[in-house]
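This report refers to the structure that appears directly beneath it.
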Amino acid sequence: MKRPGRNDLCWCGSGKKYKKCHIGFDDRIEEIELQGHIVPDHSIIKNAEQIEKIKESAKINIAVLDYVAEHIKAGISTAEIDRWVYDITTKMGGIPAPLNYQGFPKSVCTSINDEVCHGIPSEDIILKDGDIINVDCSTELNGYFSDSSRMFCIGEVSEDKRRLVEAAKQALDEGLKQVKPWGFLGDMGQAVNDFIKSKGYSVVREVGGHGIGLEFHEEPWVSYVSKKNTEMLMVPGFIFTIEPMINMGSHEIFTDEDNGWTIYTEDGSPSAQWEIQVLVTEDGYEIISY
Ligand code: MF3
Ligand code: CO
């Protein structure tokens, strides 16, 4: 860890001397690092000003998903959802973060039934009764990022799919119970995985969450099959996503060879995912985007 001199300005941007600001915080992090744990770099710890800007971005993300929630129905194409996302985001002054991200061609990911994530909106994909769909929205506003996703049940959905969608949502609450400063991301990961296993479902291993805020995807990569007391230390000002992908059958997945993006369950079973963006606070957490 690179530390300022005691009388130098603190790295956090508070304008205070280091000895009056984050010195004790850094001592505590360093002690935990010495015990062999992974600790966050200063570059991913957000100050109050940055948190405010990230929340402004999240307001757009939430508004977009609220609109989708009100208007999604059988008979519309996923390209229609993409247009809603683009139009609302840009009208509110933001940029859809997925658009052109590593060559992604659309403004939002729409993943139906056995699609695990990164489904590409299309005029040819029409929502029908019984589908379950994940709509994954990400926004950039003035260089600050937000990211969240929700599941939608179209018309009459089978009981087993409905329960899968419900469990994927409950898994977030189980994970959240473990989000607090000076705990570890693995505490959250294990809580998610234990809960999902207890329901008879499986958690995707290869695709996970991420730090976010100043970039779309920041350190660390976040697993939901991790173990208690492992993975990165959580500290106040750390922002990351909880977004486990839950398969009804096996955890195995494969990627669409034609578009290079869409991920499916290997066994063709349905998959569900909800995503929230979470800030670690002094005494717990705050949900920034949902
Ligand atoms: N929103 C996804 C996430 O949760 C990322 C999608 S990247 C894209 O991290 F390019 F496919 F949009
Ligand atoms: Co994400």
Side-chain angles (χ1 to χ4, degrees), residues 44 46 54 57-58 60-62 64-65 68 78-79 81-86 88-90 94-112 115-122 125 133-141 144-152 168-169 171-172 175-176 179 185 188-189 192 203-226 232 238-246 253-264 271-280 285 287-290:
I44 61 165
K46 279 78 182 172
I54 296 164
S57 167
I60 300 179
N61 216 62
I62 294 164
V64 168
L65 280 168
V68 172
T78 51
I81 299 172
D82 184 67
R83 281 190 288 274
W84 296 340
V85 173
Y86 182 84
I88 298 168
T89 305
T90 52
I95 303 166
L99 191 57
N100 302 319
Y101 175 80
Q102 294 184 359
F104 191 79
K106 295 286 180 181
S107 296
V108 63
C109 297
T110 50
S111 308
I112 303 178
E115 293 175 347
V116 172
C117 63
H118 302 167
I120 303 176
S122 159
I125 304 173
I133 178 173
N134 171 274
V135 178
D136 190 343
C137 270
S138 317
T139 302
E140 176 181 355
L141 177 68
Y144 295 87
F145 291 84
S146 55
D147 186 8
S148 55
S149 79
R150 302 184 201 167
M151 291 298 295
F152 302 101
K169 185 157 194 203
L172 302 188
L176 274 176
V179 178
L185 278 178
M188 176 281 303
V192 167
V203 179
V204 170
R205 314 181 85 83
E206 299 87 344
V207 201
H210 49 96
I212 177 168
L214 311 181
E215 309 274 353
F216 187 1
H217 295 110
E218 293 174 1
E219 288 292 309
W221 181 75
V222 179
S223 168
Y224 309 99
V225 292
S226 46
M232 192 176 278
F238 174 42
I239 300 181
F240 66 102
T241 64
I242 306 185
E243 52 174 317
M245 295 155 206
I246 312 300
I253 55 172
F254 71 94
T255 306
D256 190 311
E257 278 180 20
D258 296 325
N259 70 27
W261 277 103
T262 310
I263 296 179
Y264 302 85
S271 186
Q273 177 193 25
W274 296 73
E275 173 178 17
I276 50 176
Q277 180 176 353
V278 178
L279 163 70
V280 180
Y285 64 82
I287 298 173
I288 300 266
S289 185
Y290 54 85

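Atoms within a ligand are numbered from 1 in the order they appear, just like the ligands themselves. Hydrogens, waters and symmetry mates play no part in the numbers below; they use all other heavy atoms, side chains included.
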Item to check | Exam field: side chain S223 to backbone V225, donor-acceptor pair closer than 3.5 Å | outcome: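 At least one qualifying donor-acceptor pair exists.
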Next on the checklist: Using modelled atom types and a 3.5 Å cut-off, is there a donor and acceptor pairing between side-chain atoms of S148 and backbone atoms of Y290?
Outcome noted: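 Pair found, side chain donor or acceptor close to backbone of Y290.
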Could you pull out every donor-acceptor pair under 3.5 Å between side chains of residues 134-141 and any protein atom, sequence neighbours left out?
from: N134; atom 1: ND2; to: S149; atom 2: OG; distance (Å): 2.9
from: N134; atom 1: ND2; to: Q273; atom 2: O; distance (Å): 2.6
from: S138; atom 1: OG; to: D147; atom 2: OD1; distance (Å): 3.0
from: T139; atom 1: OG1; to: N61; atom 2: OD1; distance (Å): 2.8

Item to check | Residues F145, H217; criterion ring-ring contact (aromatic ring centres under 6.0 Å, His included); working and verdict | outcome: CA-CA 9 Å; F145 291 84; H217 295 110; 8.8 Å; no
Item to check | With the Co ion (ligand 2) as the apex, the OE2/OE2 angle for E243 and E275 - to 10° | outcome: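 The OE2/OE2 angle about the Co ion (ligand 2) sits at 80°.
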Checklist entry - Measuring from each atom of ligand 1, which residues have a heavy atom under 4.0 Å away? => result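 Contacts of ligand 1 under 4.0 Å: P98, Y101, F104, C109, H118, D136, S138, D147, H210, F216, H217, E243, W261, E275.
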Item to check | Residue pair S111 / G119: nearest heavy atoms and the distance that separates them | outcome: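 Looks like OG-N, 3.1 Å.
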Checklist entry - Among all residues two or more places apart in sequence or in another chain, which pass the ring-ring contact (aromatic ring centres under 6.0 Å, His included) test with Y224? => result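 Y224: no ring-ring contact (aromatic ring centres under 6.0 Å, His included) contacts found.
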Item to check | N, O or S of H210 under 2.8 Å from the Co ion (ligand 2) | outcome: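 Yes.
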Checklist entry - For E218, which residues count as a side-chain hydrogen bond (donor to acceptor under 3.5 Å, both in side chains) partner, sequence neighbours excluded? => result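 By the side-chain hydrogen bond (donor to acceptor under 3.5 Å, both in side chains) rule, E218 matches K46.
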Checklist entry - Which N/O/S atom belongs to D147 and is the closest one to the Co ion (ligand 2)? => result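 The closest N, O or S atom of D147 to the Co ion (ligand 2) is OD2.
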